[in-house]
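Residue numbers start from 1 in every chain, and the chains themselves are labelled A, B, ... in the order their sequence lines are given, proteins ahead of strands.
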Number of protein chains: 2
Amino acid sequence: MVLLPRLAKHIMRRSTEELVGMPFRLFIALSYLHDHDGVRQQQLADALCMDAGNIVLLLNELEDLGYISRIRDPADRRRHKVAITNAGREAVERAKHNQEQIEDDILQALDADERDTLWRLLTRAVRRVDDDEPTT
Amino acid sequence: MVLLPRLAKHIMRRSTEELVGMPFRLFIALSYLHDHDGVRQQQLADALCMDAGNIVLLLNELEDLGYISRIRDPADRRRHKVAITNAGREAVERAKHNQEQIEDDILQALDADERDTLWRLLTRAVRRVDDDEPTT
DNA sequence: TATTGTTATACTCTATAACTATA
DNA sequence: TATAGTTATAGAGTATAACAATA
């Protein structure tokens, strides 16, 4: 259970802004929005384990870059729906591509099948945890 | 490649000091020392992706708790070998046991076999990355 | 001169609490 | 009154650089 955070640190250490194309925090958030377009800010906070206040700052950065836009929810005008833009989608694709060499570096010990298995297991675990978050 | 850091955050968020028995950072370091008794401080810095200066502070805390001790290397008196104490070993065991409920929580979506597979893959990946670090 | 560990300092990230607007 | 988002501030964690001891 300590292995996961340790491996994560190795990934973060290597995922420099220069390589990924944006600060790694932003990439993580944008990647989530890529898969969950239109979520509310609070859902983002739960999924990324971040404070709601920091989500605001993070979204400001992404908005300045033109990667997302905030849309007021007509059904409840207090809420914002966060939408990823085309530029945002392209940035995610570029970042994913650039990150592949890090994956090769980190997962040297595993062959292609094993990597596939690892991602499938992680994806299922993350999805379940996301769904469990109190979405209101 | 963003899944791992995201899952790691969920783990860290839930691994409160109250539950684990010590700050999570300390547990990660102590767990590494449990498996690599007698390493030098620089190796620790590489393995944990931390600055050498912060390792000093972290080890000070662990030493104050009586979980580790620093021993000068007779072969090269500049170096410190970091040794885990019996109290340290016991603390790791307790923390691992306490953390099991977090594992259940995070890995709900996976059955016992799948969890086993996941740990085996992660262990191999981490070992390889550790060995690759410039140990001098 | 180069390296190991230490110390002091500055910086980033994160968490806490008060504020605005909508419900 | 309660909730979603914002803002401002304080705190924890992290990195940077200078220092002492040893090689």
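When all heavy atoms are compared, the tightest approach of A:R115 to A:L110 is NE-O, 3.1 Å. Smallest separation of non-hydrogen atoms from B:D51 and B:A45: C-CB, 4.5 Å. Heavy-atom minimum distance, A:R14 versus A:I102: O-CD1, 3.5 Å. Minimum interatomic distance between A:L4 and B:A8 (heavy atoms only, all atoms of both residues): CD2-N, 3.9 Å.
Side-chain N/O atoms of A:Q43 include none lying less than 4.0 angstrom from OP1 or OP2 on D:dA4. Between A:Q42 and the phosphate of D:dA4, there is a side-chain N or O to OP1/OP2 separation shorter than 4.0 Å. Of the side-chain N and O atoms in A:R25, one or more sit less than 4.0 angstrom from OP1 or OP2 of C:dC13. Note on B:R70: every side-chain N or O is 4.0 Å or more away from OP1 and OP2 of C:dT4.
Between the CG atom of A:L48 and the P atom of C:dC13 there is a distance of 15 Å, given to the nearest Å. If you measure from atom CG of A:N54 to atom C1' of D:dT9, you get 12 Å, rounded to the nearest angstrom. Taking atom CG of residue B:L58 and atom P of nucleotide D:dA12, one finds them 16 Å apart after rounding to whole Å.
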With a 3.5 Å cut-off and sequence neighbours excluded, list the donor-acceptor pairs that the side chains of residues 53-61 of chain A form with protein atoms.
from, atom 1, to, atom 2, distance (Å)
A:N60, OD1, A:R70, NH2, 2.2
A:N60, ND2, A:V56, O, 3.4
A:E61, OE2, A:R25, NH2, 3.4

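With sequence neighbours excluded, no residue forms a salt bridge (charged side-chain N to carboxylate O under 4.0 Å, His left out) with A:D35.
You'll find that the side chain of A:R13 is closest to D:dA15, out of D:dT6, C:dG5, D:dA15. Checked against D:dG5, D:dT7, C:dT6, the side chain of A:L57 finds its nearest nucleotide in D:dT7. Taking every side-chain heavy atom of B:R40 into account, C:dG5 is the closest of C:dG5, D:dT14, C:dA15.
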Please write out each protein N/O paired with an N/O of nucleotides 17-23 of chain D under 3.5 Å, distance rounded to 0.1 Å.
from, atom 1, to, atom 2, distance (Å)
D:dA23, OP1, B:R77, N, 2.9

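The residue A:K81 sits apart from the nucleic acid: no heavy atom pair falls under 4.0 Å.
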